[in-house]
Amino acid sequence: MENLFEDLINDGRIFANKEVLRPTYIPERFPHRWEQIKALADVLSAALKGETPSNILIFGKTGTGKTSTVKYVSKELEAMAQKTGAKCSILYINSEVFDTQYRVFAYLARVFNKRVPMIGWPTDMVYSEFKTGLDAEERCVIITLDEVDKLASKGDEALYNLSRINSELENARVSLIGISNDLTFTDLLDPRVKSSLGEEEIIFPPYNAEQLKDILYARAGTAFYADVLEYAVIPLCAALAASEHGDARRALDLLRLSGEIAERSGARTVTEEHVRQASEKLEMNRVTEVVKTLPLQSKIVLSSVYLLCKERNKRRFSSGEVYNMYHRVCNQLDMDPLTQRRVTDFVSELDILGLINAVIVSKGRYGRTKEISLSVPEECVQPVLQEDYKLKAIASIRVGKQTTF
DNA sequence: CTTCCACGGGAACACTGGGGTG
DNA sequence: CACCCCAGTGTTCCCGTGGAAG
């Protein structure tokens with residue numbers, strides 16, 4: 001009798017090092033990003049000469065290498081500072097995690113060994129703790145704010161304070177690097193903050209298929225054993241990812257998943273067919289993952305759209321219809337329905353997530369509505385919604401199916 | 001030109017969970 | 001301990017607005 005794991009280890013003839021395909025892996029070489037790296041290094045080099053670097057704003061869609069590039073340059077800069085003895089450090093803050101003024105300052109204060117609770121104090125107190133901690137010695141501190149648009153959308157006070165903090169410091173100096181995937185987010189800011197933050201701007205354009213191919217080839221060399229990738233695999237991964245946004249993360253995910261599928265099916269090589277399966281599975285995972293993590297009320301709104309599809313046998317509905325159905329569902333679930341205003345917000349969120357499609361149409365004499373339709377297959381959302389035990393009662397809503405031809 | 005409707009921005013409010021203070 | 005202060009979140013309330021049918 002063979003050991004249960006016999007096959008599983010012997011089949012590992014595909015991946016030599018899967019790690020390099022993960023999105024968190026920071027490579028040593030960045031194909032097609034030399035310009036951006038150079039620009040970033042140029043500005044930041046001031047820190048090594050004892051000057052204060054200009055603030056930088058970095059723009060680019062997801063998967064264009066913004067974060068990896070900044071992290072790579074940071075590492076190099078800190079290494080050089082170590083060598084020359086320059087007092088210079090780089091902090092990285094993901095503003096999606098620390099997404100309010102209070103949380104950012106509390107985190108920063110803690111970095112400088114101040115004891116600050118993550119909730120409870122007045123903000124200006126936290127701010128001054130951070131400031132005294134920072135100012136304790138002469139140094140240059142570069143603060144990287146990733147996803148800075150998330151922070152800006154909740155008021156520009158945090159950015160305002162950070163951008164003018166240098167005038168209140170005796171010893172230390174601060175420069176900022178803001179990373180955003182939204183080109184327009186600066187419109188929300190006070191003009192003074194906007195100009196201070198954007199002293200230098202670096203754009204990361206999306207990759208085209210050719211460039212994605214270079215990236216994939218560069219990593220595939222270490223990720224896979226020789227000759228396991230069929231000729232068309234990488235071009236196909238690149239083409240599929242390029243047709244979306246030129247998202248390198250997606251391209252790498254695709255390649256990794258293709259390999260995993262090949263491995264699991266016991267194949268010796270990765271074929272185009274594996275890539276197609278991976279692509280399908282990736283999209284499926286995306287949808288179910290998003291639906292699963294939706295807040296309850298959003299799920300109910302989504303269910304309402306789904307139920308309307310079932311009941312009416314058509315695709316698009318007015319916001320009024322959706323709200324009525326939402327009401328019915330809430331009654332069925334014995335919950336207090338929210339107002340129409342609130343529900344329109346959920347609809348917009350679902351639209352942004354790509355689960356439904358909503359367009360505003362004007363019906364002239366009969367006012368304005370949003371036309372709402374499901375933009376993912378019904379069979380993708382239905383099982384996931386059903387999983388939520390709070391939504392079980394929905395199953396008992398009768399859908400009067402009328403066949404209209 | 002009017003008229004109608006929901007859209008969507010913004011203010012106001014309620015509530016939560018933590019802090020400090022007397 | 002009771003009490004008030006504070007940031008943050010989710011919600012409701014109010015209201016100006018867009019734009020084609022009538």
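What you are looking at is a predicted structure, and each value in this text was computed from that prediction instead of being measured. Lettering follows sequence order; numbering is per chain, from 1.
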- Arg365(A) CZ to dT2(B) C1', straight-line distance once rounded to whole Å: 8 Å
- Message: Any salt bridge linking Arg139(A) with Glu137(A)? Criterion: basic side-chain nitrogen under 4.0 Å from a carboxylate oxygen.
- Response: yes
- Lys66(A) side chain vs Lys61(A) backbone, donor-acceptor pair below 3.5 Å: yes
- Rounded to the nearest Å, what distance is computed from the CG atom of residue Asn324(A) to the P atom of nucleotide dA6(B)? 10 Å
- Query: Heavy atoms, side chains only, cut-off 4.5 Å: are Gln36(A) and Phe30(A) in contact?
  - Reply: no
- Strand-adjacent residues in residues 98-117 of chain A, judged by heavy atoms under 4.0 Å from DNA chain C: Thr100(A), Tyr102(A), Arg103(A)
- For residues Lys281(A) and Leu257(A), determine if any side-chain heavy atom of one lies less than 4.5 Å from a side-chain heavy atom of the other. yes
- Whole-Å distance separating the CG atom of Asp124(A) from the C1' atom of dG20(B): 14 Å
- Within less than 4.0 Å of OP1 or OP2 of dC7(B), is there a side-chain N or O belonging to Ser319(A)? yes
- Query: If we fit an axis to the first five pairs and another to the last five of the helix from dT3(B)-dA20(C) to dG22(B)-dC1(C), what angle do they make, to the nearest 10°?
  - Reply: 10°
- Donor/acceptor link under 3.5 angstrom from Arg341(A) side chain onto base of dG9(B): yes
- Query: Between Phe130(A) and Phe112(A), what is the ring plane arrangement, given parallel below 30°, perpendicular above 60°, and tilted in between?
  - Reply: tilted
- Positional range of nucleotides in DNA chain C within the contact set of chain A, heavy-atom, under 4.0 Å: dC6(C) to dG22(C)
- How many Å lie between CE on Met118(A) and P on dT16(B), as a whole number? 22 Å
- Atom SG of Cys88(A) and atom CD of Gln82(A): how far apart are they, to the nearest 0.5 Å? 11.0 Å
- Query: In whole angstroms, how far is the C1' atom of dG8(B) from the CD1 atom of Ile360(A)?
  - Reply: 10 Å
- Below 4.5 Å, heavy atoms only, C-beta onward: do Leu355(A) and Val291(A) meet side chain to side chain? yes
- Query: Is any side-chain N or O of Lys370(A) closer than 4.0 Å to OP1 or OP2 of dG8(B)?
  - Reply: yes
- Query: What's the CG-P distance between Asp345(A) and dG9(B), to the nearest Å?
  - Reply: 8 Å
- Message: Treating Arg256(A) as the side-chain partner and Arg22(A) as the backbone partner, does any N or O pair qualify as donor plus acceptor under 3.5 Å?
- Response: no
- Message: One thing to verify: whether Glu321(A) and Arg316(A) come together as a salt bridge, which I'm taking to mean a side-chain N less than 4.0 angstrom from a carboxylate O.
- Response: no
